Number of protein chains: 2
Amino acid sequence: MTNALRAIFPSPDHDHERCASAAIAHAEAQCAARAQRLTPMRRQVLQALLSSHKPLGAYEIIDRLAQKTRPAPITIYRALDFLRENGLVHRIESRNAYVACVHNHGGDDLVVFLICESCGAVGEAPGGAAAEALKASSRAAGFSPRSPLIEIAGICSHCRKR
Amino acid sequence: MTNALRAIFPSPDHDHERCASAAIAHAEAQCAARAQRLTPMRRQVLQALLSSHKPLGAYEIIDRLAQKTRPAPITIYRALDFLRENGLVHRIESRNAYVACVHNHGGDDLVVFLICESCGAVGEAPGGAAAEALKASSRAAGFSPRSPLIEIAGICSHCRKR
DNA sequence: CGCTTCTTGCTGCGGCGCAACATTAAAATC
DNA sequence: GATTTTAATGTTGCGCCGCAGCAAGAAGCG
């Protein structure tokens, strides 16, 4: 798990071009497989989120798409809903913001978000053992868990070095 | 941990009167110990939250306090800030709402929230092993965690029985 | 082509959260 | 006790968040 976490947090000098285009390619494949339509609007929203690993609020997304016509908030939310339903985007609850998923995990897989308070980047790690343990223990307590939400704020290694 | 989770989720037929007054007493003790002032406003906000184990939004709190004068939102937020800083109230990020703390844990202790989607009640359990494991593994990944946020939505045992 | 379905646009609204400043109340100091 | 200092509350205002309800346009299908 340690390695998974390390591997997953975006390094400031990774090949982000490649990273983003891989995510787009995955989105296309995912939608094709599910017979879902990755429309221009949805693609634009996803690309806006893929421009960095920092979560964006809906209104920030609007600003970035505001080339000719400025889309209404509801338009963005609908695109985000679609992308989330298809596991392409996550909502960061503690930020009221959204990040593109670069992890290619199953739709209902548990994910741990590492949120750097310095650079704002968000890393996404498989929940793995810890999440399963949480589910198991809450189940043992008579609670029927849907899926745990785990967000960890802190300082990433790259920011700490500086 | 299993027992802790079970013990902590509020049963619909627990002695809530006692539960709430104990929390108030603890708040007074806590504030006295820290030389902090539990003003009428702050006490009222805490009591509003203690009226149930369901998280309340800031504007719901306003409605409940609206006896004579309707406090402004900022007033509530300031009271909530104070109560949170003193570990008397938690914010449920996934709900944009707040619950009174009935767990008497240390200020920076890790807490797991069990949120029943049926009755809306929130149980609070010591994060214990799972939270420590999360911190440890994120630290091993070079990440310096502040404190993990763990919220688990699902159905509580009392609602499931019905 | 006409129909159905999906997607997007438009209008409007309410909750959330706080900044900046003014006012009042409580502590501290003399 | 009067004054100064500090803390708490009130007032005004604003921007983001998230969606309901309805209308219009685009894509798929027989």
Side-chain angles (χ1 to χ4, degrees), chain A residues 27-28 30-49 54-86 88-99 120 149 151 153, chain B residues 27-28 31-32 34-49 54-86 88-99 120 149 151 153:
Chain A
E28 285 170 347
Q30 178 86 344
C31 289
R34 296 189 179 198
Q36 297 280 286
R37 292 164 52 197
L38 187 63
T39 64
M41 183 77 255
R42 291 166 178 171
R43 179 188 296 262
Q44 285 172 46
V45 170
L46 180 58
Q47 277 173 330
L49 291 177
K54 302 180 188 178
L56 295 181
Y59 285 58
E60 288 179 283
I61 297 174
I62 291 177
D63 291 341
R64 304 207 175 194
L65 299 195
Q67 307 143 1
K68 317 176 178 183
T69 68
R70 186 179 182 80
I74 184 64
T75 299
I76 305 301
Y77 284 112
R78 284 195 282 230
L80 288 171
D81 286 345
F82 172 88
L83 294 170
R84 282 205 284 163
E85 284 164 9
N86 289 279
L88 303 171
V89 158
H90 297 292
R91 176 179 162 82
I92 306 298
E93 300 286 350
S94 61
R95 295 287 192 278
N96 287 343
Y98 305 83
V99 284
L149 159 68
E151 297 177 8
Chain B
E28 286 172 346
C31 289
R34 296 189 179 197
Q36 298 280 287
R37 294 164 51 196
L38 188 61
T39 64
M41 183 77 254
R42 291 165 178 173
R43 179 188 296 261
Q44 285 172 46
V45 170
L46 180 57
Q47 277 173 330
L49 291 177
K54 302 179 188 177
L56 295 181
Y59 286 59
E60 288 179 282
I61 296 173
I62 291 177
D63 291 341
R64 303 206 175 196
L65 298 195
Q67 307 142 2
K68 317 175 176 184
T69 67
R70 185 179 184 79
I74 184 68
T75 299
I76 303 302
Y77 284 111
R78 284 194 282 230
L80 288 171
D81 286 345
F82 171 88
L83 293 170
R84 282 205 285 162
E85 283 164 9
N86 288 279
L88 303 170
V89 158
H90 297 292
R91 176 179 163 82
I92 307 296
E93 300 286 350
S94 61
R95 295 285 193 279
N96 288 343
Y98 306 83
V99 284
L149 159 68
E151 298 178 9

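The structure presented is a predicted model; accordingly, all values stated were derived computationally and were not measured. Below, read A as the first sequence line, B as the second, and so on, with proteins coming before strands; counting in each chain starts at 1.
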Nucleic acid contacts of residues 36-46 of chain A, taken as heavy-atom distances under 4.0 Å to DNA chain C: A:R37, A:T39, A:M41, A:R42
Sugar-phosphate only, base, or nothing, as touched by B:A72 at under 4.0 Å among non-hydrogen atoms: base
Sugar-phosphate, base or nothing in reach of B:R91, heavy atoms under 4.0 Å: sugar-phosphate
B:E60 side-chain N/O to B:G57 backbone N/O, donor-acceptor pair under 3.5 Å: yes
CD-CG distance between B:Q47 and B:L65, expressed to the nearest 0.5 angstrom: 9.5 Å
To check you understand the geometry: which heavy-atom pair defines the closest contact between [X] and [Y], and what is its length?
| X | Y | answer |
| --- | --- | --- |
| A:P55 | A:I92 | CB-CG1, 4.1 Å |
| B:L38 | B:C31 | CB-SG, 4.0 Å |
| B:I61 | B:A48 | CG2-CB, 4.3 Å |

Which residues share a side-chain contact (heavy atoms from CB on, under 4.5 Å) with B:R84, sequence neighbours left out: B:D81, B:V89, B:R91, B:Y98
Counterpart residues, side-chain contact (heavy atoms from CB on, under 4.5 Å), relative to B:A72 (two or more places apart): B:I74, B:T75
Phosphate-side-chain proximity, A:N96 and D:dG18, N/O vs OP1/OP2 below 4.0 Å: yes
Any A:Y98 side-chain N or O less than 4.0 Å from OP1/OP2 of D:dG18: yes
Between [N] atom [atom2] and [X] atom [atom1], what is the distance in whole Å?
| X | N | atom1 | atom2 | result |
| --- | --- | --- | --- | --- |
| A:I62 | C:dG9 | CD1 | P | 11 Å |
| A:R95 | C:dC18 | CZ | C1' | 16 Å |
| B:E93 | C:dG17 | CD | P | 8 Å |
| B:Y59 | D:dC16 | OH | C1' | 12 Å |
| A:I92 | D:dC17 | CD1 | P | 14 Å |

Applying side-chain hydrogen bond (donor to acceptor under 3.5 Å, both in side chains), name anything that partners [X], two or more places apart in sequence or on another chain.
| X | answer |
| --- | --- |
| A:R95 | none |
| B:E28 | B:R43 |
| A:E151 | A:S94 |
| A:R37 | none |

Residue-level proximity of residues 73-82 of chain B to DNA chain D when a heavy atom falls under 4.0 Å: B:I74, B:T75, B:R78
Five-pair end axes of the helix from C:dC1-D:dG30 to C:dC30-D:dG1, angle between them (10°): 30°
